[in-house]
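Written out below as structure tokens is the structure these notes cover.
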Amino acid sequence: MTKDENDKRLAYLRGIVSRLPDKPGSYQFYDNEHTIIYVGKAKNLKARVSTYFHTEVDRFKTKVLVSKIFDISYTVVNTEEDALLLENSLIKKYNPRYNVLLKDGKTYPSICITNEYLPRIFKTRTINKKWGTYYGPYSHIASMYAVLDIIKELYHPRTCNQPITKEGVKAGKYKVCLDYHIKKCMGPCVAKQTYEDYQKNIQQAREILRGNTRQVLRDLREEMMKLSEELRFEEAEEVKRKYLALDGFVSKSEVVSHTINNVDVFSITSDEKMAFINYLHVSNGSINQSFTIEYKKKLNESDEELLQLGIVELRERFHSDAKEVIVPMEMDGVLENITFTVPKLGDKKTLLDLSIMNGKQYKFDRLKQAEKLNPEQKQVRLMKELQEKLGLPKMPYQIECFDNSNISGTDAVAACVVFKKMKPSKRDYKHYNIKTVTGPDDYASMKEVVYRRYTRLLEEEQPLPDLIIADGGKGQMEVIRQVIQDELNLDIPIAGLAKDDRHRTNELLYGFPAIHVALKMDSELFHVLTQIQDEVHRFAIEFHRNKRSKRALHSELNDIKGIGPKTRDELLNGLKSVKRIREAELSTLSDIIGPAKAKIVFEHFHSEG
């Protein structure tokens, strides 16, 4: 598009904006093929739409949207609530490119009560309203099974799949199954249980699924008292059993006072790309509905905007008629005749906190699911988390960690391990023999190794690490700083992993002077950092052990006059250890290195004995 064409396009659009009414409504943006690319709502159409065409618009995504707009239409409504409802329906109908994308994730199961002569009750993921009435969906599977279990315990609905008819029961067409004999079904198919009694049970099960457990309890209590007055004690005892079982279930499922009835609870958990909106419905103090939806952001939408959409979507989906809605923030006239409450204390705050917890858990579960499909996503997340914790200028793609190993200053060595994208890069590991330090001086050894490591990288023009971690506290960090900053004039962040009295890593240190960085010891990031520390320790110890072993072998075999390195290696390859060489028969040694040298070795060891 040329500059003249773009100027002409903007002039056309501003002309439409100038004619917009100062009334609530929904507006739609179209691209050059007259496809709806964005749907919005406004208290004041003219004021809202004009903001897109201000010269000072600084959001990149909004600029991109405006560059794609070729036409504008709008619909005037009476109230802001109507504008919100219209916006929601248009987004679902047209799925515009620049609107938030509603994602439901997987299909959650529901509970179905069939429309049969003798209804069945079961869980399903397939919704066909011709079959029956559906309750749910249940995002918390354990809650669904708890409800199903109490219904089965109280009412024993049939579990067989055969189509049972009124005529078939009268004609004696059916036979009882195993469930009848083990008292899990009362035999309505052979009229052992009356049709009226079975239907009464199903109706009470419906009330439980609707969350009206308190009403069911009142009905059961009235029935129990009536039967007692009529001296029908066996029947009264059966009703009492149901009452006590349901009362126990209610006391477990009731999270707040049962005086809180028919209330919706909404919360939002968001980041720069996604928003997760959790919905709870509370009836008689119990949660009988919990569901979370996610929105993929397109234009840096605010939490309030997304929560408004989510409230409309979820109340419509679950046919909620609650007159009170608990939310985490002030909502400006979203729905008429609805009271919005932002609780600070009490039972309603408990419900809001529970909703927030469910939203965060859903986000965590989705993140885990995505990381299983794309392991690199987890690594990037951990790098970002470490970057934020330490305030690093960039993500720590390459991390290097140092450790020393010696016994009373003998065979002193050091090791450097390299992690790239939070994974060990073993081909880049390095070990060092300490050359300039005599005796057990860990600080001097660390200084030597760090200097050698980074002067070598600079000479070879190899990439420097994004973060150096010292296996130790403030002292080790200061030694590394002296080399990196003072001697080599490099700007590489330095952290330290300090241990407690039991030699367990217990804190992350950063900066000069070093400060403690808050990090949960059961977090994934802490586990990765301790993995780095354990790995450098293992690598240093392994190198130190190998060096001591070689020195021991060297002193044993190199003291034998007439035996050179080649013969020594042949013996070790053949017998694997000095002990086995010492104990070997002359004939065995002769087979490996020949009779002349074998005699020398044999006499050396046996003359010592």
Side-chain angles (χ1 to χ4, degrees), residues 386 396-460 462-485 487-488 490 492-500 503-510 514 526-554:
L386 184 56
Y397 170 81
Q398 181 170 323
I399 300 173
E400 298 188 357
C401 186
F402 294 88
D403 189 23
N404 300 322
S405 182
N406 67 78
I407 297 178
S408 300
T410 63
D411 300 310
V413 298
C416 171
V417 298
V418 179
F419 273 56
K420 293 181 178 178
K421 294 181 75 171
M422 294 298 188
K423 294 286 185 181
S425 179
K426 294 194 175 183
R427 66 179 183 179
D428 295 312
Y429 285 14
K430 298 292 180 185
H431 50 234
Y432 300 88
N433 290 306
I434 302 301
K435 298 177 179 179
T436 63
V437 180
T438 303
D441 189 338
D442 280 346
Y443 288 165
S445 298
M446 179 67 70
K447 196 168 186 178
E448 175 192 327
V449 170
V450 172
Y451 184 84
R452 287 167 58 187
R453 168 70 175 166
Y454 295 115
T455 50
R456 177 77 173 268
L457 290 183
L458 290 170
E459 289 169 3
E460 295 178 355
Q462 296 292 321
L464 296 171
D466 303 303
L467 176 66
I468 297 173
I469 296 179
D471 177 30
K474 298 177 181 179
Q476 296 281 22
M477 290 174 63
E478 175 58 25
V479 168
I480 295 174
R481 188 203 64 77
Q482 290 172 9
V483 176
I484 296 298
Q485 295 181 4
E487 297 183 33
L488 299 179
L490 296 174
I492 303 174
I494 301 163
L497 287 169
K499 296 184 178 181
D500 59 19
H503 208 64
R504 293 181 302 190
T505 305
N506 70 334
E507 63 178 349
L508 173 65
L509 302 172
Y510 183 70
F526 186 82
H527 289 159
V528 172
L529 293 175
T530 53
Q531 180 192 355
I532 294 173
Q533 188 178 39
D534 292 343
E535 182 69 354
V536 73
H537 189 62
R538 178 200 65 79
F539 191 55
I541 291 291
E542 186 178 272
F543 179 48
H544 185 246
R545 187 181 296 120
N546 290 340
K547 185 177 179 183
R548 292 201 326 269
S549 177
K550 287 179 180 178
R551 179 168 59 79
L553 289 173
H554 176 86

Leu488 and Tyr451: side chain to side chain contact (heavy atoms under 4.5 Å, CB included), yes or no, with the steps?
CA-CA 8 Å; Leu488 299 179; Tyr451 184 84; 3.8 Å; yes

Leu458 vs Leu464, test: side chain to side chain contact (heavy atoms under 4.5 Å, CB included). Steps then yes/no.
CA-CA 8 Å; Leu458 290 170; Leu464 296 171; 4.2 Å; yes

Assess the residue pair Val483 and Tyr454 against the criterion (side chain to side chain contact (heavy atoms under 4.5 Å, CB included)); give the C-alpha distance rounded to whole Å, side-chain angles, the decisive distance to 0.1 Å, and a yes or no.
CA-CA 9 Å; Val483 176; Tyr454 295 115; 5.7 Å; no

Applying side chain to side chain contact (heavy atoms under 4.5 Å, CB included), run through Leu386 and Ile399 and close with a yes or a no.
CA-CA 11 Å; Leu386 184 56; Ile399 300 173; 4.0 Å; yes

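Atom SG of Cys401 and atom NE2 of His537 lie 11.5 Å apart (nearest 0.5 Å). Expressed to the nearest 0.5 Å, how far CD1 of Ile532 lies from CG of Asp403 amounts to 13.5 Å. Met422 CE to His527 NE2: the interatomic distance, rounded to the nearest 0.5 Å, is 14.0 Å. Rounding to the nearest 0.5 Å gives a distance of 13.0 Å between CZ of Phe526 and CD of Gln531.
In this structure, Glu487 and Lys447 have side chains that are in contact, with non-hydrogen atoms separated by less than 4.5 Å. A heavy-atom distance below 4.5 Å is not found between the side chains of Tyr443 and Glu478. Glu448 places none of its side-chain heavy atoms less than 4.5 Å from the side chain of Tyr432. Within the 4.5 Å cutoff, no side-chain heavy atoms of Gln533 are placed close to those of Ile469. Here the side chains of Glu400 and Ile492 are not in contact, with every heavy-atom distance at 4.5 Å or above.
Minimum interatomic distance between Met477 and Ala514 (heavy atoms only, all atoms of both residues): CE-CB, 4.0 Å. A pairwise comparison of heavy atoms in Pro493 and Tyr510 identifies CB-OH, 3.5 Å as the closest pair. Considering every non-hydrogen atom in both Leu467 and Pro396, the closest pair reads CB-CB, 4.2 Å. Annotation for Val418 and Arg453: closest pair CG2-NH2, 3.8 Å, computed over non-hydrogen atoms. Counting all heavy atoms, side chain and backbone alike, Asn433 lies closest to Arg452 at O-NH1, 2.9 Å.
Summarising the local packing, NZ of Lys420 is surrounded by more than 12 heavy atoms from other residues, nucleotides or ligands at distances under 6.0 Å.
Remark: the Tyr429 side chain and the Glu535 side chain contain an N/O donor-acceptor pair separated by less than 3.5 Å.
One N or O on the side chain of Asp466 and one on the backbone of Gln398 form a donor-acceptor pair closer than 3.5 Å.
With Val450 as reference, Ile480 is the one residue of Thr455, Val479, Ile468, Ile480 to meet the side chain to side chain contact (heavy atoms under 4.5 Å, CB included) rule.
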